Amino acid sequence: LVSWTAMLSAYARNGHLYGCKAVYREIPEWSLVAWNAMLAACAKNDDLCGAREVFSSMEVRSLESWTVIVCAIADQGHLEEARALFEKMPECDIVSWTAMLAAYAQAGNTLEAETIFEAMPEVDLVSWTAMLAAYAMNGYLSESRAVFDSMHERNLFSWTALIAVYAGKGFLEEAKFLFDFMPERDAVSWTAMLSGFAQNGHLEEAKAMFDAMADRHLFSWNGLLSAYAQNGNLDQAKKTFDRMHERNSISRNSVLTAYSQSGHSSTAIEIFKDLKLVGEHPDEIAFLCNLVACSHAGKLRDAGDSFRSMVSDFGIPARKLHYRYLIDLLCRSGYLNEVEDLLATMPFLPD
RNA sequence: GACGGAGCCUUG
């Protein structure tokens, strides 16, 4: 039973939902922990429906089960529903409180994150770091620093979060100082520093970070790739992409972004087509790049087709930016009636 | 011995 459950978790960690499903069919005996693992597997793969099914079919639930489902619901953007469920939990602990705090932070509601943090009966290193990250991801530099300074202990997560917010705000020297000063570094902190340099246009130093890394993960390669992509170095971006041993949607989107934003529209459109040919599912960002490219190239028909295909074939809801690029193109092409229709039917307020 | 919360990489 324990090894079956461990297999389930292992598949979940690697994002292999089909592996989970296989175990699901063959597992001889179910336990609460096994159900929780299944639940976590769905959540990790953004399968909210599956998670809901598992959760409601469970006859016994633990704190873990509740926390996973609350996180899964919040992750899919249903913050209010997550909160409602959170309120209904038979009991809460430091983990579920922290999860809720992080959910609000993710949604940009720093105030509510603060409220939760202050209301928590007890906090630990993870909750402190979550609060630090809440400030960091919403651009509150001095508040991040204040949290960091008042922490009794710190770990890689807290150091890296602080470095990232300094670098993101353009305080590169501070960031580098912290990076050099932190007691230990891992692949994530190295990559954070790399992108810090990249965000501020320091390509050489970004590359130097990459070269100096002890171990390079997929996300480190992605960091280097996007460093080139963001700075318009298409050749190096392409070279890096080709040199990668493993790629994911972030790698592909980075290349796509590089071409579409630099005005190489036809190349971007080609890449997007290849994406679909190879069977890689384009996500909302890939579609956005394609829209940008079509818009730039004046390909009204293709832009419209792409927009519709995204929604109906791929089930990806159109976001504000998708509308914006399509509308921009329609305006420039003189289709003002179509623009009126779009504005009237889109699920956003026009801005 | 197996399950839940925090940092990094693509669009904003």
Side-chain angles (χ1 to χ4, degrees), chain A residues 1-10 12-13 31-41 43-44 61-72 74 92-103 105-106 113 123-134 136-137 144 154-165 167-168 182 185-196 198-199 217-227 229-230 237 247-258 260-261 283-289 291-292 319-322 324-325:
Chain A
L1 177 57
V2 170
S3 31
W4 279 101
T5 311
M7 260 175 73
L8 207 52
S9 314
R13 245 187 292 282
S31 68
L32 175 59
V33 174
W35 281 112
N36 283 342
M38 192 64 214
L39 192 55
K44 224 158 262 165
R61 299 174 183 126
S62 64
L63 255 172
E64 284 89 343
S65 342
W66 283 93
T67 310
V68 172
I69 195 72
V70 166
C71 284
C92 289
D93 70 354
I94 197 168
V95 173
S96 49
W97 280 96
T98 307
M100 204 63 235
L101 186 167
Q106 197 66 52
V123 290
D124 64 4
L125 176 56
V126 176
S127 358
W128 275 101
T129 310
M131 194 61 238
L132 165 52
M137 73 179 68
S144 305
R154 304 171 183 111
N155 62 8
L156 280 166
F157 286 68
S158 17
W159 282 94
T160 308
L162 191 66
I163 288 169
V165 68
M182 65 192 286
R185 285 160 286 274
D186 68 356
V188 174
S189 45
W190 276 93
T191 305
M193 197 60 240
L194 185 164
S195 7
Q199 281 163 31
H217 294 238
L218 174 55
F219 57 78
S220 328
W221 282 93
N222 282 342
L224 181 68
L225 171 57
S226 78
Q230 283 164 5
R247 303 175 187 105
N248 61 9
S249 60
I250 295 186
S251 336
R252 292 184 287 271
N253 288 342
S254 298
V255 174
L256 204 47
T257 305
S260 66
Q261 287 184 344
D283 60 13
E284 59 173 46
I285 297 178
F287 273 104
L288 187 69
C289 293
L291 268 181
V292 170
R319 308 245 253 117
K320 259 189 185 178
L321 270 181
H322 296 110
R324 187 174 301 163
Y325 284 113

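What you see is a predicted model, and the numbers here were worked out from it, not measured in a lab. Throughout, protein chains are lettered first and strands after them, A, B, ... in sequence-line order, and every chain is numbered starting at 1.
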Rounded off to whole Å, could you give me the [atom1]-to-[atom2] distance for the [X] and [N] pair?
| X | N | atom1 | atom2 | result |
| --- | --- | --- | --- | --- |
| A:Leu225 | B:C9 | CG | P | 13 Å |
| A:Trp159 | B:G7 | CH2 | C1' | 14 Å |
| A:Leu8 | B:G1 | CG | P | 19 Å |
| A:Met137 | B:G5 | CE | P | 14 Å |
| A:Asn222 | B:C9 | CG | P | 11 Å |
| A:Arg185 | B:C8 | CZ | C1' | 15 Å |
| A:Lys320 | B:G12 | NZ | P | 15 Å |
| A:Leu218 | B:C9 | CG | P | 13 Å |

When all nucleic acid strands are considered with a 4.0 Å heavy-atom cut-off, which category describes [X]: base, sugar-phosphate, or nothing?
| X | result |
| --- | --- |
| A:Val68 | sugar-phosphate |
| A:Gln261 | sugar-phosphate |
| A:Leu321 | sugar-phosphate |
| A:Ile94 | base |

Taking donor-acceptor contacts at under 3.5 Å, does the side chain of [X] reach the base of [N]?
| X | N | result |
| --- | --- | --- |
| A:Asn36 | B:A2 | no |
| A:Asn155 | B:G7 | no |
| A:Asp93 | B:G4 | yes |

Neighbour count >12 (heavy atoms, 6.0 Å) for atom CZ, A:Arg154: yes
A:Glu284 atom CD: more than 12 heavy-atom contacts under 6.0 Å: yes
Distance-minimising heavy-atom pair for A:Leu132 and A:Ala161: CG-CB, 4.2 Å
Closest contact, heavy atoms only, A:Arg247 versus A:Leu218: CA-CD1, 4.0 Å
Side-chain N,O (A:Gln230) to OP1/OP2 (B:G12) below 4.0 Å: no
Pair A:Ser65-A:Ser62, side-chain donor/acceptor within less than 3.5 Å: yes
